[in-house]
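See structure below.
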Amino acid sequence: MSNNEMISLQRDYPWIRTPTVACAPMRLIALANLAFEVSRAGGVGFIGAGSDVSSLDSELVKVKTLINSNGGTLKQNNDVLPVGVGFLLWAGDKLLKEALPILQRHRPAAVWLFAPNNNDDLTKWTKEIRRVSAESKIWIQVGTVANAMEVTRTCKPDVLVVQGSDAGGHGLQQSSGIISLFPEVDDALNSLEQQEGLKKPKLIAAGGIVESRGAAAALSLGASGVVMGTRYLATPEAQIQAGYRNVVVETTDGGKSTARTHIYDQLRGTTDWPSGYGGRGILNQSFYDAQNGMSLNENKRQYEHALKKGDGGWGPHGRLTGYAGTAVGLVNEVKGAAAVTEEVREGAKIVLKRAAAKL
Ligand SMILES: Cc1cc2nc3c(=O)[nH]c(=O)nc-3n(C[C@H](O)[C@H](O)[C@H](O)COP(=O)(O)O)c2cc1C
């Protein structure tokens, strides 16, 4: 990372330590406790508002309370809240209208935008957020080189999160791994800067990074930092049920035991995603039955039944959805989100030093 980049990161997010480690805004899972703990450890914690803001205001108030009860040690600029908030744009104008007053009131340091129905929606959201909360930095998650270029031209985001195919949860059905996607995005944006004078956003890598080696690899590719979702599922601060957390810790061999699919959305009724997106989750009986020809109606009936079983319903023989990325096999223990953030950040530096010593 260049000196200028470091200075600008520390100006925008004065509490962070570099390289940046951020927690993905996982809807219903990444709430005030997780976001606060990640930021407290020098990362960027995001609250996942997703497609619904009904509890967003209270989560942001909770972050303020947590900051105050911790002696206010998180460095802030002009009362900007040292966490981010993430939205799923396919939810449309109603969500934007409801989100704006909350963003204006709390001024989170970053707002994360993902999965629009079209690029015009991204432009509208970016413009409106900058109007009501000029201090909030705009982070946009993209999964292709073409998208990265279009979004840079039309929205001029502060940060582009480059999401590779290994990512847990939703992402593009047709996509590539971060190791090839990231450098191609980087090259394309360098060309845009040279040819069209468009300032290159900061680039952060996501997808399949759960520990220091993955983070070090992303930094070697040129990333300013990393975003992790799957790793933070195995923290006490993630708002998930014990059965889900256990299966994340127990699952191995993520390339074999997870897939990006539509079946989990169909079972859960979350079918509003734009075409082209699928959700990567741990394979279970619902998935296998769908593959073997079980009708959606019957699969749903059995899913509803499993829901009643609670924690017993997860795992390869269960039916409940556990979204997670291919790196799930490297997640072997539950650990506090602050410790995870610190370990990945500091560990990446050690890995890079070791690698440099081989030269
Ligand atoms: C359980 C889960 C839920 C997710 N929910 C969201 C979400 O609501 N909004 C979003 O922008 N991304 C969401 N993501 C995707 C993340 O933004 C990110 O791309 C992904 O977690 C990175 O890959 P990793 O899981 O391998 O770390 C989710 C990911 C997971 C694992």
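We count ligands from 1, going down the list as the structure has it; atoms in each ligand are counted the same way. Numbers here simply count residues along the sequence, with the first being 1.
- Taking the centre of each ring, W125 and F87 come in below the 6.0 Å mark.
- Taking the six-membered ring for Trp and thresholds of 30 and 60 degrees, Y264 and F287 have ring planes inclined between 30 and 60 degrees apart.
- Less than 4.0 angstrom separates some heavy atom of Q163 from each of these atoms of ligand 1: 19 (O).
- Interface of A167 with ligand 1, defined as ligand atoms under 4.0 Å from a residue heavy atom, comprises 19 (O), 20 (C), 22 (C), 23 (O), 26 (O).
- Comparing heavy-atom distances from atom 29 (C) of ligand 1 across A327, G168, G164 singles out G168 as nearest.
- Residue pairs meeting the side-chain hydrogen bond (donor to acceptor under 3.5 Å, both in side chains) criterion with at least one member in residues 138-151, sequence neighbours excluded, are Y13-W139.
- Ligand 1 has at least one atom lying under 4.0 Å from a heavy atom of G207.
- Proximity of F46 to ligand 1 is not established, as no heavy-atom distance is less than 4.0 Å.
- Closest heavy-atom approach to atom 6 (C) of ligand 1 among the candidates P25, G208, G279: P25.
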Note to self: Would I47 and V63 count as a side chain to side chain contact (heavy atoms under 4.5 Å, CB included) here? Give the steps.
What the structure shows: CA-CA 10 Å; I47 291 176; V63 169; 3.9 Å; yes
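- Ring planes of Y244 and W314: parallel class, angle under 30° (limits at 30 and 60°).
- Listed by number with element, the atoms of ligand 1 under 4.0 angstrom from any heavy atom of R27 are 5 (N), 7 (C), 8 (O).
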